[in-house]
Amino acid sequence: MLLENLAYTEVEDYLKKKDIVLIPIGSVEQHSPYGLIGTDFIISEAVARAVGEAMTILVAPTIAYGVSPHHMAFKGTVSLNPNTMMGVISDIVQSFVAHGFKRILFVNGHGGNITPLKTAFKQLKAENIPGYFDVISWYDSNKVRKACKDAFRDKEGRHATPSEVSLTKFTRPAEFATKAVDQKTVAKPKYYWPLSGEEMRSVFPDGRMESAPWLATEEKGRLIMAKAVEALEKKIKEIIKLKIL
Ligand code: NI
């Protein structure tokens, strides 16, 4: 159930029955020579849309761009300043609140977005904006983490992971015809965080962080996607039961 395909009259009808909206959010950032620049938003969008369809819940257009300054030394990355992100989130939440939505859930695919999202929610609450505002990342549940760990063990790593690459392989298989496939070593360097773009590239020269994205397969993507959808559905069932003050 996609907001972009509805007429406003259909949104009026939806609001007579439900007050929840899902907003996928990700990043536009390099995911090594093995993965897609859109990885994070492609995954959050696919998970949110699958859940929206299964539960007849409205899914808003995806916020593709995220906070990714540490990837800026790699071509194609586009990053929002955290303050810009907070402004965008605040405006989007307030738009939905103005129409009567009470449960606004961001379905996230990128770790760097979490602090700006949560800070924006705190600011909205400081301004007494009513409603439930939250962010859930597709990988947040124990079952999803276990599925990723079981699939790739110590080769999962932290960025351009075989799990996220598998999810995009499952979602957009044709795009992998031109991506790297060669196997390299998995380095585990010591580093501090956060890193600037140049610092990041000096520690992780090909953009992977402790991962083996060449292990990604469509089949593993299908399995992890099923777990992620199941975990989000479970969480949403709890959110729907919450009494909004
Ligand atoms: Ni990612």
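Both counts, for ligands and for their atoms, begin at 1 and track the order of listing.
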Quick one: pull up OG in Ser163 and CD in Glu156 and give me the separation to the nearest 0.5 Å.
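Going from the OG atom of Ser163 to the CD atom of Glu156 covers 3.0 Å.
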Could you tell me whether the side chain of Arg158 reaches within less than 4.5 Å of the side chain of Lys188, counting heavy atoms only?
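Heavy-atom side-chain distance check fails, nothing below 4.5 Å.
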Looking only at heavy atoms, the pair that brings Thr56 and Lys18 closest together is O-NZ, 2.8 Å
Report yes or no: do Tyr139 and Glu164 form a side-chain donor-acceptor pair below 3.5 Å?
no
State, without any angle test, whether Tyr34 and Asp182 hold a side-chain donor-acceptor pair at a distance under 3.5 Å.
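On atom types as modelled, these side chains qualify, holding a pair under 3.5 Å.
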May I have the step-by-step check of side-chain contact (heavy atoms from CB on, under 4.5 Å) for Val47 and Met225, ending in yes or no?
CA-CA 7 Å; Val47 173; Met225 177 67 70; 3.6 Å; yes
Nearby protein N/O/S atoms (those under 2.8 Å) for the Ni ion (ligand 1), with water ignored:
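Near the Ni ion (ligand 1), the protein supplies His31 NE2, Asp40 OD1, Glu164 OE1.
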